[in-house]
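Some notes on the structure that comes next.
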Amino acid sequence: MQVFAAILALRNRIRQLKREDRKIALVPTMGNLHKGHLALIREAHKHADIVIVSIFVNPIQFESADDLSNYPRTLEDDLNKLSLEAVDLVFTPTAEAIYPEGLDARVFITVPEYIFEGVSRRIHFRGVATIVAKLFNIIQPDVACFGEKDFQQLVIIRKMVTDLSMDIDIVSVPIVREINGLAMSSRNHLLTQDEVQRAPELFRVTRWIASVIRKGRRDYISIIKDANIRLCAAGLQPDQIFIRDANMLQIVTSKSTQVVILMSVFLGKVRLIDNQVVKLLEIN
Ligand code: PAF
């Protein structure tokens, strides 16, 4: 496994790999790797000859300086995990290397930015889209893998790739869950023991919403009210619940073929997210 911090050296290596006609998959991460990331890497191996993982805590996608400085940085441990997953190249740039002259150009994707995560974290998605576009430009992968856990991020990246004619296949990987249903996340380790017990209720309520939609309920506003009651009863503090068209996160219409339930809750100071897609076609 080769580790590159410098963009130039990485580009030279990639040029060589491209001359050898190797297919390249990229898994962009911010490090602090858990089983969810490893699932992305395993999927990446199925689509390419060479798997590159980037580890970069991207400052421009954080709302607050505190969040950025508190983000766990576990490079040594991450590199050990990556070598066990037969990763070929790891890209670990500094912020100075990525943003040497500040940043006047940004990528921003209108519609899906404005709801859910975009409400409380106003700059987040343009920060994500900008760094992902930069990583795509530096690495020029054939394929890039993203987790369905960050569903809104996935929608935004797919839209960016389509609208900006980027020749990259975006592969999505299902959420990896603990046995109790809690979606794996770098934030889970911030939960107290008591919160860990209560956290899976987020998954249960998401699943409950999916089940009532499958049974034919379409009164989304009432469903959201009921879900809020369920979350509070379980000791979780509801943050946001959206039921939207899964395609571009627009309002659900009679033409929608699948909806996504996007949920976030607070447990103490920790904000957890989850989601589930429900197909409507078969029951309409
Ligand atoms: O999902 C993440 O870890 C980040 O948002 C990403 C895609 C690596 C961009 O910084």
Side-chain angles (χ1 to χ4, degrees), residues 5 27-37 40 53-79 81 91-100 102-109 112-135 146-157 160 175-176 178 182-196 198-199 202 231 236-242 249 262-275:
V27 179
T29 81
M30 298 207 297
N32 195 230
L33 305 177
H34 51 70
K35 286 184 188 153
H37 295 107
L40 297 179
V53 174
S54 61
I55 299 181
F56 177 61
V57 181
N58 175 35
I60 67 162
Q61 71 185 72
F62 285 82
E63 288 293 323
S64 86
D66 272 0
D67 273 0
L68 173 61
S69 62
N70 290 336
Y71 198 85
R73 286 154 173 92
T74 52
L75 186 60
E76 202 178 321
D77 191 37
D78 291 342
L79 292 177
K81 286 182 180 152
F91 180 40
T92 59
T94 59
E96 292 70 31
I98 290 288
Y99 303 116
L103 194 63
D104 293 319
R106 284 183 200 230
V107 180
F108 115 83
I109 289 103
E113 256 205 28
Y114 298 139
I115 66 157
F116 194 51
E117 302 263 59
V119 176
S120 52
R121 304 162 80 194
R122 299 195 71 81
I123 60 158
H124 176 69
F125 285 116
R126 57 194 67 178
V128 170
T130 304
I131 186 60
V132 172
K134 279 176 77 84
L135 291 169
F146 293 87
E148 288 170 12
K149 158 111 190 315
D150 294 307
F151 192 87
Q152 192 172 3
Q153 169 171 286
L154 183 61
V155 169
I156 282 171
I157 288 164
M160 172 181 81
I175 299 177
V176 180
E178 307 281 359
L182 178 63
M184 300 241 176
S185 160
S186 304
R187 296 180 188 184
N188 291 358
H189 78 278
L190 300 171
L191 298 170
T192 63
Q193 284 227 312
D194 169 58
E195 288 165 350
V196 167
R198 282 183 283 144
L202 172 60
L231 289 170
L236 278 75
Q237 188 191 327
D239 179 34
Q240 291 175 296
I241 306 179
F242 283 93
L249 309 186
L262 299 169
M263 309 249 300
S264 63
V265 296
F266 279 103
L267 261 169
K269 286 192 178 134
V270 184
R271 183 169 173 275
L272 298 177
I273 59 170
D274 207 337
N275 70 71

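Heads up: numbering here begins at 1 and tracks the sequence.
Using a 4.5 Å cut-off on side-chain heavy atoms (C-beta onward), Val57 and Asn32 make no contact. With a 4.5 Å cut-off on side-chain heavy atoms, Thr130 and Ile60 count as touching. The shortest distance between side-chain heavy atoms of Asn275 and Ile175 falls below 4.5 Å. Contact annotation: the side chain of Ile273 approaches that of Phe116 to within less than 4.5 Å [non-hydrogen atoms, C-beta and beyond]. Within the 4.5 Å cutoff, side-chain heavy atoms of Phe62 are placed close to those of Met30. Under the 4.5 Å side-chain criterion, counting only non-hydrogen atoms from C-beta, Pro72 is in contact with His189.
Heavy-atom minimum distance, Arg198 versus Leu236: O-CD1, 3.4 Å. Across all their heavy atoms, Met184 and Gly36 have their closest contact at CB-N, 4.5 Å. Nearest heavy-atom pair, Lys149 versus Ala183, reported as atom, atom and distance to 0.1 Å: CD-CB, 3.6 Å. Taking every heavy atom of both residues into account, Met263 and Leu231 meet most closely at CE-CD1, 4.1 Å. Listed here is the closest heavy atom pair of Glu148 and Leu154: CG-CD2, 3.9 Å. The shortest heavy-atom contact between Ser54 and Pro28 is OG-CA, 3.2 Å.
With hydrogens and angles ignored, the 3.5 Å screen pairs no side-chain donor or acceptor of Lys35 with any backbone N or O of Val176.
Asn188 contributes atom CG, which lies 7.5 Å from atom NE2 of His34 (distance to the nearest 0.5 angstrom). Leu262 CG to Glu117 CD: the interatomic distance, rounded to the nearest 0.5 Å, is 8.5 Å.
Here Asp67 pairs with nothing under the side chain to side chain donor-acceptor pair (under 3.5 Å) rule; sequence neighbours left out. In this view, Leu75 and Ile55, Leu79, Thr92 satisfy the side chain to side chain contact (heavy atoms under 4.5 Å, CB included) rule, not counting sequence neighbours. Contacts of Val270 classified as side chain to side chain contact (heavy atoms under 4.5 Å, CB included), with partners at least two apart in sequence or in another chain: Arg187, Leu190, Leu191, Leu272. For Lys81, the salt bridge (Lys or Arg N to Asp or Glu O under 4.0 Å) partners two or more places apart in sequence, or in a different chain, are Asp77. Listed by chain and residue number, Asn58 satisfy the side chain to side chain donor-acceptor pair (under 3.5 Å) test with Tyr99 (two or more places apart in sequence, or in another chain). Residues passing the side chain to side chain donor-acceptor pair (under 3.5 Å) test with Ser264 are Asp239, Arg271, sequence neighbours excluded.
Partner Phe56 forms a side-chain contact (heavy atoms from CB on, under 4.5 Å) with one of Ile131, Thr94, Leu135, Thr29 and no other, that one being Ile131. Looking at Val155, Ile157, Ile156, Ile109 one by one, the single match for side-chain contact (heavy atoms from CB on, under 4.5 Å) with Phe125 turns out to be Ile156.
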